[in-house]
Amino acid sequence: MGRIVGSIAAGLVVAAAVTMCAAEPGRAESSAAIMSQDVPITAGDAEKAGTMPPPPPYDPTVVKYVDPGMPTPDPRATPTPTPTATPTPPAQVKIDGVRTDRVPTPGQLLFKATGDITFMDPLSWSVNVFKRRHQLIVYYKGRMFKTYHAVFGRSFEPGTKLWEGDRRTPEGVYTIVGKHPSRRWDWFLTLNYPNLLDRRRYEELRDGGAVPSEDGHPVGVGGRIGIHGSDEPLLNRGNINWTTGCISVDDEDVEELKRLLPDGTVVIIKP
């Protein structure tokens, strides 16, 4: 009985194999042909031929690729930053009785370094005045010391002073011949107007009849021209020329000029 059952089972297996071969004759033939070729077989060809095994099921615990990310820097290879040099602040200049600039000028540095009494010599100082620019510039030993704001005579006619009462500020080369306190102007630094050139010019104008007359006589050449403070600070700040011919600066500025400039200092007044 056992032999009969075994024979029947074997017959069933053989019949199933024959049926599968009959159902897919082309696939079996194709696979055998590909396997018999002596050439490399790609994965696509093997998959089409049915010879590639199915892929394994996805396993999330199996990591096939890891993003390397950024490399860890080697501290030994990290360059040491070069320290930046701290800029040296400008030297602080303190001059008694003078408001110095935040950044000292060459003249202020030279004045501070002066170790003798040459700062009292009028030849160490000079002043340039520019009427159109409203500037009075002080120089110490040929180097710019400080710039002051100034206003001038209220005449609408340009040019130098010609005679008394024309309300013009002189133009030319003058010197400081005296310094006097003033109730109205704080300080008054007198200039030697009229100088020789001014007198000659006036005489020519007078002889030519160009000088105006008062009470039947020509007006004089004028005088008492100088550098003084202001009782009209708003006019000074507004660049309004209001004097009768003098040079006006702020009261604090005229006090500085009085301390700095000795008698005999050259003052050059330009248009």
Margin query: Show, in sequence, the C-alpha distance, side-chain angles and deciding distance for E157 and D166, and conclude whether the side chain to side chain contact (heavy atoms under 4.5 Å, CB included) test is met.
Written below: CA-CA 9 Å; E157 297 293 332; D166 64 3; over 6 Å; no
Note to self: One pair to check against side chain to side chain contact (heavy atoms under 4.5 Å, CB included): Y148 and Q135. What are the steps and the verdict?
What the structure shows: CA-CA 6 Å; Y148 299 87; Q135 289 183 337; over 6 Å; no
Note to self: Using the rule given for salt bridge (charged side-chain N to carboxylate O under 4.0 Å, His left out), can you reason through E256 versus K146, listing the C-alpha separation, both sets of side-chain angles and the distance that settles it, and then say yes or no?
What the structure shows: CA-CA 10 Å; E256 290 186 11; K146 189 174 180 179; 3.0 Å; yes
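At most 12 non-hydrogen atoms from other residues, nucleotides or ligands lie less than 6.0 angstrom from CD of E214. By the 6.0 Å contact criterion, CZ on R132 is open, its count of non-hydrogen atoms from other residues, nucleotides or ligands being 12 or less.
Between W163 and P212 the shortest heavy-atom distance is CE2-CD, 3.4 Å. The two residues P194 and G222 come nearest to each other via the heavy atoms CD-O, 3.6 Å.
Two residues are said to be in side-chain contact when any heavy atoms from C-beta on lie closer than 4.5 Å; K131 and I269 meet this criterion. Side-chain atoms of R133 and I137, non-hydrogen and from C-beta on, do get closer than 4.5 Å to each other. Using a 4.5 Å heavy-atom cutoff, the side chains of I247 and T169 are in contact. Counting heavy atoms from C-beta on, the side chains of Y193 and V221 come closer than 4.5 Å. P262 has its side chain out of reach of M120: every pair of non-hydrogen atoms, C-beta onward, lies at least 4.5 Å apart. At a threshold of 4.5 Å between non-hydrogen side-chain atoms, the residues I227 and L136 count as touching. Between V177 and L191 the shortest side-chain heavy-atom distance does not fall below 4.5 Å. Looking at L196 and R200, their side chains come closer than 4.5 Å, going by heavy atoms from C-beta outward.
The backbone N or O of V249 sits nowhere less than 3.5 Å from a side-chain atom of D253 that would complete a donor-acceptor pair. Under the 3.5 Å distance criterion, the side-chain polar atoms of K270 are left unmatched by any main-chain donor or acceptor of N128. Within the 3.5 Å criterion, the main-chain N or O of T265 finds no donor-acceptor partner in the side chain of T175. Between the side chain of H134 and the main chain of V151, no donor-acceptor pair closer than 3.5 Å is present. Under a 3.5 Å cut-off, the side chain of D231 and the backbone N or O of R184 do not form any donor-acceptor pair. Distance alone, capped at 3.5 Å, places no donor-acceptor pair between the E171 side chain and the K161 backbone. Distance alone, capped at 3.5 Å, is enough to place a donor-acceptor pair between the K179 side chain and the L261 backbone. One N or O on the side chain of T243 and one on the backbone of G153 form a donor-acceptor pair closer than 3.5 Å.
Taking OG1 of T244 as the reference point, atom CD of E164 lies at 9.5 Å (rounded to 0.5 Å). Interatomic distance, CG of L189 versus NZ of K258, reported as 9.5 Å (0.5 Å rounding). Here the CG atom belonging to D251 is positioned 10.5 Å from the NE2 atom belonging to H228, to the nearest 0.5 angstrom.
Remark: the K141 side chain and the T118 side chain contain an N/O donor-acceptor pair separated by less than 3.5 Å.
Of the candidates T105, L260, T114, L109, Y140 forms a side chain to side chain contact (heavy atoms under 4.5 Å, CB included) with just one, namely T114. Of the residues F119, Y139, W125, the one that meets the ring pair (Phe, Tyr, Trp, His ring centres under 6.0 Å) test with F145 is W125.
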Using distance only, find each side-chain donor-acceptor pair of residues 201-211 under 3.5 Å and give its atom names and separation, not counting sequence neighbours.
unit_1	atom_1	unit_2	atom_2	d
R201	NH1	D198	OD1	3.1
Y202	OH	V219	O	2.4

Mind listing the side-chain donor-acceptor pairs of residues 235-242 below 3.5 Å, one per line with the distance, residues two or more places apart or on another chain?
unit_1	atom_1	unit_2	atom_2	d
N236	OD1	S230	OG	3.1
N236	OD1	W242	NE1	2.8
N236	ND2	S248	OG	3.1
N239	OD1	H149	NE2	2.3
N241	OD1	F152	N	2.9

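Note on W187: it clusters hydrophobically with L257, by side-chain heavy-atom contacts below 4.5 Å among ILVMFWY residues. Both M144 and F130 are members of a single hydrophobic cluster when ILVMFWY side chains are connected at heavy-atom separations under 4.5 Å. Criterion: ILVMFWY side-chain heavy atoms under 4.5 Å apart, direct or through other members. Under it, V138 and I176 are part of a common hydrophobic cluster. The same ILVMFWY cluster, assembled from side-chain heavy atoms under 4.5 Å apart, contains both I95 and V127. Under a hydrophobic clustering in which Ile, Leu, Val, Met, Phe, Trp and Tyr are joined whenever their side-chain heavy atoms come within less than 4.5 Å, directly or via other members, F111 and V98 fall into the same cluster.
You'll find the ring centres of F188 and H180 outside the 6.0 Å limit.
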